[in-house]
Amino acid sequence: MPNERKPAIDDLVIGQCAMCGGPVPEHGAVRDTRHNLFCSAACADKFAAFADRVVHAQTSPPPPLRLRYRLKTLFRRLVIAIIFLVVFGAATTYFDVPVFAPFFRRILETVGM
């Protein structure tokens, strides 16, 4: 949010507000402890609250993974592994690969196909 008082033509603009991006006049500049430049104290307070939230988010531990997510991930991996084995088995029996083809043929006979 730009500051309430827009800089006049004769005011020297020394930078851009770190929070709202508005112009910061020389006489109304507010700096924080991190040497950021703000157009008003309200923008400085908003930025300080934002910076505190970022620090808290970086230092807090991530939430534990839920059982539903774990089961869904396990199911996806199993489906992908089964699809890979079916494709690999079909390719080895089709091209008659000496090491793998007898193994997959034995599995097919055991299953009854």
In sequence, state the C-alpha distance, the side-chain angles, and the governing distance for T92 and R105, and then conclude on side-chain contact (heavy atoms from CB on, under 4.5 Å). CA-CA 10 Å; T92 56; R105 284 192 187 117; over 6 Å; no
Please assess E26 against V13 for the test side-chain contact (heavy atoms from CB on, under 4.5 Å), listing each intermediate value before the final yes or no. CA-CA 6 Å; E26 184 178 22; V13 175; over 6 Å; no
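A44 and V30 get closest at one heavy-atom pair: CB-CG1, 4.1 Å. When all heavy atoms of D96 and A101 are compared, the pair lying nearest together is OD1-CB, 3.8 Å. Closest of all the heavy-atom pairs between A29 and L37 is CB-CD1, 3.7 Å. Contact between C17 and C39 at its shortest, heavy atoms only, is SG-N, 3.5 Å. The minimum heavy-atom distance linking P102 with V99 is given by the pair CD-O, 3.8 Å. Scanning all heavy atoms of the two residues, the minimum distance from F38 to A18 falls at CE2-CB, 3.7 Å.
With hydrophobic clusters built from ILVMFWY side chains whose heavy atoms lie under 4.5 angstrom apart, V111 shares a cluster with F103. Both V97 and L108 are part of a single hydrophobic cluster, where members link through side-chain heavy atoms under 4.5 Å apart. Cluster annotation: I107 is connected to F88 through the hydrophobic network of ILVMFWY side chains, with a link wherever side-chain heavy atoms come within less than 4.5 Å. Both F75 and I83 belong to a single network of hydrophobic side chains, linked directly or stepwise wherever heavy atoms of I, L, V, M, F, W or Y lie under 4.5 Å apart.
With rounding to the nearest 0.5 angstrom, the CZ atom of F47 is 6.5 Å from the CZ atom of F50. Between the CG atom in D32 and the CG atom in D45 there is a gap of 10.0 Å [rounded to 0.5 Å]. Rounding to the nearest 0.5 Å gives a distance of 12.0 Å between CD1 of I80 and CG of L85. The distance from atom CG of L74 to atom OH of Y69, rounded to the nearest 0.5 Å, is 12.0 Å. Within the model, atoms CZ of R31 and CG of N36 stand 9.0 Å from one another, a figure rounded to the nearest 0.5 Å.
In the displayed structure, F104 atom CZ is contacted under 6.0 Å by more than 12 heavy atoms of other residues, nucleotides or ligands.
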